[in-house]
Amino acid sequence: MLEIIHAAGWPIWLLIATSVLGLALIIERFLSLRSKLVFPRRLPGQVLELLRQKNDSPEALLRLAGTSPLGRILAEVIVNRNESATFRLAAIEDVGKDVAHRLNRYLPALATIAVVAPLMGLFGTVVGMIEIFASYTPAGGDPSQLARGISIALYNTGFGIIIAIPALIFHRYFRSRVDHFLHQMEREANVLNHLLNRGAAQ
């Protein structure tokens with residue numbers, strides 16, 4: 001591995017730093033976007049039980065909001081249940097936007113890595129081409145310098161593509177996962193809102 005890094009020249013260090021950052025972002029998003037942390041399956045039932053027992057004190061709602069993003073949205077529905085429909089929907093949408101922002105955290109950085117990595121590989125290719133042209137002199141070419149220029153160009157191009165492909169795949173995967181969570185949370189919020197409206201009408 002060290003031989004490959006040496007053959008790829010100094011531009012490879014930029015790609016190595018980018019790959020480490022990309023891997024860290026992927027691991028962080030995998031840990032943060034787990035279903036049990038974002039959308040606990042039993043939470044809607046627990047919220048209904050909380051309402052049946054009339055245990056919706058400010059302290060209980062604060063604990064509910066701190067359990068998960070879903071809990072935060074459901075707590076907002078309960079807090080604003082006595083407000084007008086327009087105000088309640090606006091409050092829920094505001095919280096939903098903040099939750100969506102938090103769930104999408106670091107995804108733009110991952111998308112940037114997917115775009116920048118091939119460009120950094122292309123930069124390494126340009127450096128390699130400069131090495132190749134520098135190997136030619138009026139007296140003839142230097143084979144060792146020519147070979148080094150070719151290795152710099154090829155290694156950096158390859159590393160750039162290798163970094164970009166997984167970054168793009170995981171970015172798309174996490175985006176679809178976040179969209180799924182947001183759809184599920186919107187549905188649960190609507191269900192709870194309708195139940196509270198029905199209870200208020202009775």
Side-chain angles (χ1 to χ4, degrees), residues 18-115 117 162-202:
T18 303
S19 67
V20 171
L21 176 60
L23 181 61
L25 294 177
I26 290 171
I27 293 174
E28 191 280 335
R29 287 292 84 189
F30 258 125
L31 296 176
S32 299
L33 295 178
R34 287 176 291 174
S35 295
K36 65 180 182 179
L37 296 180
V38 178
F39 195 91
R41 294 294 179 181
R42 297 182 179 180
L43 189 60
Q46 293 171 354
V47 171
L48 292 178
E49 187 63 27
L50 181 145
L51 291 174
R52 289 193 192 99
Q53 296 178 359
K54 300 186 182 301
N55 188 26
D56 53 341
S57 64
E59 293 78 11
L61 293 178
L62 190 60
R63 287 195 300 271
L64 173 62
T67 58
S68 63
L70 174 62
R72 186 179 175 191
I73 290 179
L74 296 182
E76 189 70 19
V77 175
I78 298 173
V79 167
N80 294 283
R81 64 186 181 278
N82 296 323
E83 303 290 343
S84 65
T86 303
F87 182 89
R88 186 167 61 248
L89 289 175
I92 296 170
E93 286 178 359
D94 286 342
V95 172
K97 290 177 182 177
D98 187 60
V99 168
H101 175 74
R102 291 176 180 270
L103 292 179
N104 281 298
R105 184 174 54 179
Y106 302 135
L107 294 189
L110 197 57
T112 301
I113 289 175
V115 173
I162 289 173
I163 294 169
I165 292 174
L168 181 60
I169 291 173
F170 281 109
H171 173 260
R172 295 290 178 88
Y173 168 74
F174 291 136
R175 278 293 301 273
S176 64
R177 191 166 178 79
V178 168
D179 289 343
H180 173 71
F181 282 140
L182 292 176
H183 173 73
Q184 294 285 85
M185 284 188 274
E186 182 180 3
R187 187 179 65 180
E188 293 296 338
N190 287 333
V191 169
L192 180 59
N193 191 34
H194 291 324
L195 289 175
L196 291 175
N197 287 337
R198 187 181 304 171
Q202 293 177 352

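Counting begins at 1 with the first residue of the sequence.
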Colleague: Could you walk me through whether R81 and V77 pass the side chain to side chain contact (heavy atoms under 4.5 Å, CB included) check?
Modeller: CA-CA 6 Å; R81 64 186 181 278; V77 175; 6.0 Å; no
Colleague: Could you label the plane-to-plane angle of the Y173 and F30 rings as parallel, tilted or perpendicular, counting under 30° as parallel and over 60° as perpendicular?
Modeller: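 Y173 and F30: tilted rings.
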Colleague: Looking at CG of L74 and CD of Q46, how far apart are the two atoms once the value is rounded to the nearest 0.5 Å?
Modeller: 11.0 Å
Colleague: Begin from the C-alpha positions of I113 and H171 and carry the test side chain to side chain contact (heavy atoms under 4.5 Å, CB included) through to its verdict.
Modeller: CA-CA 10 Å; I113 289 175; H171 173 260; over 6 Å; no
Colleague: So how far is it from S32 OG to R102 CZ, rounded to the nearest 0.5 Å?
Modeller: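 Rounded to the nearest 0.5 Å, the OG-CZ separation comes out at 12.0 Å.
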Colleague: For the backbone of A189 and the side chain of N193, can you confirm whether one donor and one acceptor N or O come within less than 3.5 Å of each other?
Modeller: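 No.
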Colleague: Over all heavy atoms of both residues, which pair between A100 and L182 is shortest? Give the atoms and the distance, please.
Modeller: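 Heavy-atom minimum between the residues: CB-CD1, 3.7 Å.
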Colleague: Can you name the nearest heavy-atom pair linking R175 to N104, along with the distance?
Modeller: CD-OD1, 3.7 Å
Colleague: Is R29 reaching over with its side chain to a backbone N or O of L103, donor-acceptor style, under 3.5 angstrom?
Modeller: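 Side chain of R29 to backbone of L103, a donor-acceptor pair under 3.5 Å: yes, one is there.
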Colleague: Counting heavy atoms not belonging to R172, are there more than 12 under 6.0 Å from its CZ?
Modeller: no
Colleague: Is there a donor-acceptor pair under 3.5 Å between the side chain of R34 and the backbone N or O of L31?
Modeller: yes
Colleague: Checking the side chain of R72 only, and the main-chain atoms of P69 only, is there a donor and an acceptor separated by less than 3.5 Å?
Modeller: no
Colleague: Can you tell me how far the CG atom of D98 sits from the CD atom of E93, to the nearest 0.5 Å?
Modeller: 14.0 Å
Colleague: For residues N80 and R88, report the shortest heavy-atom separation together with the two atoms involved.
Modeller: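 Residues N80 and R88, closest heavy atoms: O-CD, 3.2 Å.
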Colleague: For a quick check under 3.5 Å, do Q184 and E188 share a side-chain donor-acceptor pair by atom type?
Modeller: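 On atom types as modelled, these side chains do not qualify, holding no pair under 3.5 Å.
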Colleague: For L25 and A109, which heavy atoms make the closest approach, and how far apart are they?
Modeller: CD1-CB, 3.7 Å
Colleague: Can L168 and V115 be said to form a side chain to side chain contact (heavy atoms under 4.5 Å, CB included), step by step?
Modeller: CA-CA 8 Å; L168 181 60; V115 173; over 6 Å; no
Colleague: Tell me if the CZ atom of R177 is crowded by more than 12 foreign heavy atoms within 6.0 Å.
Modeller: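 Yes - once you tally the heavy atoms of other residues, nucleotides and ligands closer than 6.0 Å, there are more than 12.
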Colleague: Take L196 and L51 through the test side chain to side chain contact (heavy atoms under 4.5 Å, CB included) and record every step on the way to the result.
Modeller: CA-CA 9 Å; L196 291 175; L51 291 174; 3.8 Å; yes
Colleague: Does the side chain of K97 come within less than 4.5 Å of H101's, by heavy atoms?
Modeller: no
Colleague: Roughly how far apart are F181 CZ and L37 CG, rounded to 0.5 Å?
Modeller: 9.0 Å
Colleague: Can you find a heavy atom in the side chain of L70 that is under 4.5 Å from one in the side chain of P44?
Modeller: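 SC-SC contact between L70 and P44 confirmed.
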Colleague: To the nearest 0.5 angstrom, please state how far the CG atom of L23 sits from the OG1 atom of T18.
Modeller: 12.5 Å
Colleague: Do you know which two heavy atoms are closest between L64 and L43, and how far apart they sit?
Modeller: CD1-CD1, 3.7 Å
Colleague: Find the distance between CG (L192) and CD1 (I92) and round it off to the nearest 0.5 Å.
Modeller: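 Here the interatomic distance stands at 8.0 Å.
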Colleague: Please find the pair of heavy atoms, one from L110 and one from F174, that lie closest to each other, and give the distance.
Modeller: CD2-CD1, 4.0 Å
